[in-house]
Protein chains: 4
Amino acid sequence: MNNLNTNMTHAGRPRDEAAKSAIMTATMTLLKDFKFANLTIERIAKEAGVGKATIYRWWGSKENLLLETFLDTADDHVVFNQEAPLLDDFKQVIVELTVVLDSALGRALITAILEDRDLLDQFHQRFFEPRRQQASQLLRRGIDDGLIKADINIDVVLDMLFGDVYMNVFFYGKALDTASIDVILTSFMKGIMI
Amino acid sequence: MNNLNTNMTHAGRPRDEAAKSAIMTATMTLLKDFKFANLTIERIAKEAGVGKATIYRWWGSKENLLLETFLDTADDHVVFNQEAPLLDDFKQVIVELTVVLDSALGRALITAILEDRDLLDQFHQRFFEPRRQQASQLLRRGIDDGLIKADINIDVVLDMLFGDVYMNVFFYGKALDTASIDVILTSFMKGIMI
Amino acid sequence: MNNLNTNMTHAGRPRDEAAKSAIMTATMTLLKDFKFANLTIERIAKEAGVGKATIYRWWGSKENLLLETFLDTADDHVVFNQEAPLLDDFKQVIVELTVVLDSALGRALITAILEDRDLLDQFHQRFFEPRRQQASQLLRRGIDDGLIKADINIDVVLDMLFGDVYMNVFFYGKALDTASIDVILTSFMKGIMI
Amino acid sequence: MNNLNTNMTHAGRPRDEAAKSAIMTATMTLLKDFKFANLTIERIAKEAGVGKATIYRWWGSKENLLLETFLDTADDHVVFNQEAPLLDDFKQVIVELTVVLDSALGRALITAILEDRDLLDQFHQRFFEPRRQQASQLLRRGIDDGLIKADINIDVVLDMLFGDVYMNVFFYGKALDTASIDVILTSFMKGIMI
DNA sequence: GGATAAGCGAGACGGTACGTCCCGTCTTCCT
DNA sequence: AGGAAGACGGGACGTACCGTCTCGCTTATCC
């Protein structure tokens, strides 16, 4: 199996994990001062105290580096609790999603994604879809429990909810505060609850 | 006033309108082959048969050129009819919005906007807000006419609707077809109609 | 004719002669500290206060730059007087040749020539052959004047003379002083004079 | 004494002679396709199927590797017979010298020598001087035997002869054929023989 | 015969330089 | 004064090698 090979040792000097994390840290640091288009591999390498080739060796492009760095910090967040009450669970996830997206890293990633189909696919597969599946399940359980109208189109309904979050972060350039999230969720629920 | 000067004649040779439109045309043409980050002033100048300085003289930056080119082609579209039935009017606007955004020009503009606060403000002021105002008025009239629930939060509700459009275009990378728009609008209306 | 076009003005900004001479000066300066293999375009550009592209624009390679710089400073020297007595004329040319070759510029050029057939051809055509022709004429005149044996092979004889100069400069790493040149010329003449 | 240690056994794995000769072979092979400046340690290592460190361990630099490789193949050649007639002995040595120098290895070595004083010294000590001493002895014996003029300056005379060989190989880029060598030697002898 | 030492191929490391592309500015001549 | 052409100083690209350094492994001597 391939998975077994993943941990196999290779000939030659093994990669330097300290360099890897220095590069990711530098990427995050520099994104506070530079927009993605002005973030250069050369600057990252310098900031990380690393040769350019080391970055190209492991990520191949600025875009891949960005995605990995994002997932590395974001993957533990934006997770549905599955046991909290439906509304609370959604609320917490939206708050976390807002925080993760409305960061230098998040904004840069979205920028990159809009210009790069491959990156978009990677992002969907590794970040977006898993969370969408969970939200979907949650709504289905709400329907089973008789809390939510049975005739809603789950996909459309979720796109509206999360689309709203994205719009606020990216189109109005503002993160949502807790109060706004309450307003949004209330409007949202009003339309779908029994 | 500045506006008065706009039509004033100056000493020296006047601006060459042919060059202006050649530049905009070249911009649109090249965006079919290059993403915004790879679209260079030098390439545009060459494609348009124009000196680089001419572009810098009139637009100052790639971003401004992009916005002007977008508005030049998009400004006549995405306009509410105001006389058609509410649902039809929304539907037509969403179709046009989808078409305009899901183009090389539209996608490039959004990309640029996400990285450029000034450009975002310009885009809001000159494209987004006027249309949002119209949609807002439309909903208010619907409320007055007793078609739509009086207790909705108009801003939130519009963000959900348009946010959904944006999500589909940018996050799923697909333009909405007519059938999908019907589904979205139906879901949307179900939540807000009396 | 092509020659006429050479002086024709072109569209666009003309090349900056100050940059040209700054680059050549920098090349000569840096060759005092670096051997040719360690002389980098980047260092020359920095020393000359010039962009790398300017160097590549006009010379295309380090080798070409070197040759032009050499010819620029060496072309006025190593010229036969044609009126001085035969021996004096040869002597003066050998002194000048020694000086020109035993310089940072000269040594670097020879190094480059040994690795680069095209450069060798250029060097022959633009520096070596004209001088060889003159030396050849001089010997022929010496034969006509009854000063030099008529049965010598001029080519072989000249190669021996100049080969000796080259050997001393490059193989023994020492420039010839006036006394040595006297010794060489005496030996040389002894073999060919009547 | 140090010399005694040369054959002493050490702890640890002994040097791999197969690797040594693979490296030298690779050096010679690659010099057919690459000039010395473009011959890289990395390429040699790959061609020889060897780690880079092995090369640095034993030679320390590209220049040293080159010299050792040259001596390894050239040291048996260019040797005066000492018993053949004077002219034949010189002739044979010049032929062999020409062959050895006009090879990828020989040309590369001269290139390297011109840029590297240490290498020049090594080359003189280990290749050039021994042969020059022999040529010198030969001429002295010729003088003793009354074959050669007693008043020649042996050093100058030899530099002229060998300088000519070098000039032809390096400056005209052509090896000498047997006929040319005859011409040269005839001219040479005419000047020095009684 | 187990410990120690050095050599080996592989290949990652921090760097330097490559030759190219583009930046935004400038300098020429022409309209 | 605008415009096309194109050179300018500068910065970054992605690649190739530098000489050094870990790895796991092999092959020797030493105790």
Trainee: Closer to the 5' end of DNA chain F via nearest nucleotide, is it B:Glu42 or D:Ser61?
Mentor: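 By nearest-heavy-atom nucleotide position, the 5'-most residue is B:Glu42.
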
Trainee: Are the side chain of B:Lys52 and the backbone of B:Ala45 linked by a donor-acceptor contact shorter than 3.5 Å?
Mentor: no

Trainee: Taking N and O atoms by type only, does the side chain of A:Arg13 place a donor or acceptor under 3.5 Å from a partner on the base of F:dC21?
Mentor: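 In this structure, the two groups form a donor-acceptor pair.
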
Trainee: Under 4.0 Å from OP1 or OP2 of F:dG19: is there any side-chain N or O of D:Trp59 that close?
Mentor: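 No.
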
Trainee: Rounded off to whole Å, could you give me the NZ-to-C1' distance for the C:Lys35 and E:dA17 pair?
Mentor: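 Rounding to the nearest Å, NZ of C:Lys35 and C1' of E:dA17 are 16 Å apart.
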
Trainee: Measure the distance from CZ on A:Arg15 to P on E:dG11 and round it to the nearest whole Å.
Mentor: 16 Å

Trainee: Taking C-beta and beyond as the side chain, do C:Glu63 and C:Leu67 meet within less than 4.5 Å on heavy atoms?
Mentor: no

Trainee: Between F:dT27, E:dT25, F:dG2, which nucleotide has the shortest distance from any of its atoms to the side chain of B:Arg57?
Mentor: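 Nearest nucleotide to the side chain: F:dG2.
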
Trainee: Is the side chain of D:Glu115 donor-acceptor paired with the backbone N or O of C:Phe36 at a distance under 3.5 Å, no angle test?
Mentor: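 Side chain of D:Glu115 to backbone of C:Phe36, a donor-acceptor pair under 3.5 Å: yes, one is there.
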
Trainee: Expressed as a whole number of angstroms, how long is the span from A:Ile41:CD1 to E:dG14:P?
Mentor: 14 Å

Trainee: B:Tyr56 side chain: which of E:dC8, E:dC23, E:dA12 is closest?
Mentor: E:dC23

Trainee: Can you tell me how far C1' of E:dC21 sits from CD1 of B:Ile44, to the nearest Å?
Mentor: 15 Å

Trainee: F:dG19, F:dA4, F:dA12: which one has an atom nearest the side-chain heavy atoms of C:Lys52?
Mentor: F:dA12

Trainee: Nearest to the side chain of D:Val50, which nucleotide is it out of F:dC8, E:dG9, E:dG19?
Mentor: E:dG9

Trainee: Using heavy atoms to find the nearest nucleotide of DNA chain E for A:Lys20 and D:Thr54 separately, return the residue whose nucleotide is more 5′.
Mentor: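 Checking each residue's closest nucleotide, the 5'-ward one belongs to D:Thr54.
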
Trainee: Side-chain contact test, heavy atoms from C-beta onward, threshold under 4.5 Å: evaluate it for D:Phe70 versus D:Arg126 and give yes or no.
Mentor: no

Trainee: Quickly work out the B:Phe36 CZ to E:dC23 P distance and round it to whole Å.
Mentor: 11 Å

Trainee: Go through it in stages, so that I can follow the logic: the residues are B:Trp58 and B:Arg15, the test is side-chain contact (heavy atoms from CB on, under 4.5 Å), and I'd like the CA-CA distance, side-chain angles, deciding distance and then a yes or no.
Mentor: CA-CA 9 Å; B:Trp58 297 113; B:Arg15 157 162 206 184; 3.4 Å; yes

Trainee: How do C:Ala19 and D:Lys62 order along DNA chain F: which one's closest nucleotide is nearer the 5' end?
Mentor: C:Ala19

Trainee: To the nearest Å, give me how far apart CZ (B:Arg43) and P (E:dT20) are.
Mentor: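 Value for this atom pair: 16 Å.
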
Trainee: The side chain of A:Asp16 lies closest to which of these nucleotides: E:dC13, F:dA4, F:dA7?
Mentor: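 Closest of the options to the side chain of A:Asp16: E:dC13.
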
Trainee: Looking at every strand, decide which applies to D:Ala53 at a 4.0 Å heavy-atom threshold: base, sugar-phosphate, or nothing.
Mentor: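 Base contact.
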
Trainee: Is B:Trp58 near enough to F:dG3 that one of its side-chain N or O atoms lies under 4.0 angstrom from OP1 or OP2?
Mentor: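 For B:Trp58, the contact criterion (side-chain N or O under 4.0 Å from OP1 or OP2 of F:dG3) is met.
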
Trainee: Which whole-number value in Å describes the distance from B:Leu30 CG to E:dC22 C1'?
Mentor: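 The answer, rounded to whole Å, is 15 Å.
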
Trainee: With heavy-atom distances below 4.5 Å as the criterion, would you say the side chains of D:Leu65 and D:Ile44 are in contact?
Mentor: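 Yes. Closest side-chain heavy atoms under 4.5 Å.
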
Trainee: Between E:dA10, E:dT25, F:dC17, which one does the side chain of D:Thr40 approach most closely?
Mentor: F:dC17

Trainee: Once you round it to whole Å, what is the distance between C1' of F:dC13 and NZ of A:Lys46?
Mentor: 16 Å

